[in-house]
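Below, read A as the first sequence line, B as the second, and so on, with proteins coming before strands; counting in each chain starts at 1.
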Number of protein chains: 2
Amino acid sequence: MYIPQYYKNENVKEVRQFIQDNGFGILVSQVNGKPWATHIPLELDVDSADKDILVGHISKANPQWTEFAAQPEVLCIFNGAHGYISSSWYKQEEVPTWNYIAVHVYGEIEILSEEEVLQSMQKLVDNHEKGSKHPVSLDDFSPKTLRQVRGVVGFKITITDI
Amino acid sequence: MYIPQYYKNENVKEVRQFIQDNGFGILVSQVNGKPWATHIPLELDVDSADKDILVGHISKANPQWTEFAAQPEVLCIFNGAHGYISSSWYKQEEVPTWNYIAVHVYGEIEILSEEEVLQSMQKLVDNHEKGSKHPVSLDDFSPKTLRQVRGVVGFKITITDI
């Protein structure tokens, strides 16, 4: 991502908060030599070695995961508010522009075990149900519903650059 | 983009309208063998041969354009509304999910001449100033301001797949 110096936010705490507040991201990698993107919730977490990671899962029917092992370097895009800035809003002559906030995260992707995926889903659901009137938990689900986990591929991305 | 059959929108008119309504997109290509993304307005248009194209421009300081000639196949992502769907909203047992609308466009990118960039900016500005109380036009700008066009690289993307 190209960022002019005066638009950079070097405040890591704010950047982390932005990712948590805008966690519905885009996972970008290569499939058959072409860029491929999937829109998914990505949870910021730390692994057992206290390294920053992003955790998520995609459908097994999505071919993107088949190339994770061969090309583990992926990009995650997080989008925030954006809007057209009209020249007519300025007192002086200015070209129009578009204001936006975005965070790009690079990392090494690695597929998780079924057990690890279930654990990550538990966290994901708890996180998003926090604001619900009647929050549900993975513990409430029947074994039949939980077997749906077999239809996804879970992964963790060890962050190398933000 | 992986799309389960029942979520596909095959209505080309609606897809085109979505791109026009959500034209602040993400241009994805490769830089130094890694995925690289830039957030920019992309205008749907047709070229002189009546082929569908996307037109846009990025800063000359953004290294992304330096690899357009070597790797012209790019992905453009357009995002729409999205939201977490809680299990607690269903009568029956359901896993939570995330609803979203997105359009992915693949195409061959080609750099435009300075004159073509100015023409495309004229269209872009006219389009976005339509709703302004006091719409500005590129014609209103001084030669000095218009020289800022030299700071950007304009491009057109001939659409190969949506």
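- Only the side chain of A:His104 comes within contact range of chain B, judged by heavy atoms closer than 4.5 Å.
- Most heavy-atom pairs under 4.5 Å with chain B: of the set A:Gly131, A:Pro4, A:Pro96, A:Ser142, this distinction falls to A:Ser142.
- Chosen from B:Ala61, B:Pro135, B:Ser29, the residue pairing most often with chain A at heavy-atom distances under 4.5 Å is B:Ala61.
- With chain A as the partner, the residue from B:Glu73, B:His39, B:Glu129 showing the most heavy-atom pairs under 4.5 Å is B:His39.
- Nearest heavy atom pair, residue B:Tyr2 against residue A:Trp36, reads N-CZ2, 3.5 Å.
- Only the side chain of B:Ile77 comes within contact range of chain A, with heavy atoms under 4.5 Å apart.
- When heavy atoms are compared at a cutoff of 4.5 Å, A:Ile26 approaches chain B solely by way of its side chain, counted from C-beta outward.
- In this structure, the side chains of B:His128 and A:Ser86 stay at 4.5 Å or more apart for every pair of heavy atoms.
- When B:Glu93, B:Lys144, B:Met1 are compared by the number of non-hydrogen pairs under 4.5 Å with chain A, B:Glu93 comes out ahead.
- Proximity to chain A is limited to the side chain of B:Ser132, based on heavy atoms less than 4.5 angstrom apart.
- Between the side chain of B:Tyr100 and the main chain of A:Ile40, no donor-acceptor pair closer than 3.5 Å is present.
- In terms of hydrophobic clustering, with Ile, Leu, Val, Met, Phe, Trp and Tyr side chains grouped at heavy-atom distances under 4.5 Å, B:Ile58 and A:Tyr7 are assigned to different clusters.
- Side-chain heavy atoms closer than 4.5 Å link hydrophobic residues (I, L, V, M, F, W, Y) into clusters, and following such links, even through other members, never connects B:Ile85 to B:Val95.
- With a 4.5 Å cut-off on non-hydrogen atoms, A:Ser59 touches chain B through its side chain but not through its backbone.
- Taken to the nearest 0.5 Å, the OG1 atom of A:Thr38 stands 10.5 Å off from the CD1 atom of B:Ile3.
- In this structure, A:Lys133 and B:Ser88 have side chains that are not in contact, with every pair of non-hydrogen atoms separated by 4.5 Å or more.
- Put simply, B:Leu42 and B:Val12 are part of two different groups of oily side chains (I, L, V, M, F, W, Y) that touch within less than 4.5 Å, one to the next.
- Of the listed residues B:His134, B:Gln148, B:Gln30, B:Met121, the one with more heavy-atom pairs under 4.5 angstrom with chain A than any other is B:Gln30.
- When every heavy atom of A:Ser87 is checked against every heavy atom of B:Val136, the shortest pair comes out as CB-CG2, 3.4 Å.
- Only the side chain of A:Tyr84 comes within contact range of chain B, with at least one heavy atom under 4.5 Å from a heavy atom of that chain.
- Interface remark: A:Asn79 contributes side-chain atoms only to the contact with chain B (heavy atom separation under 4.5 Å).
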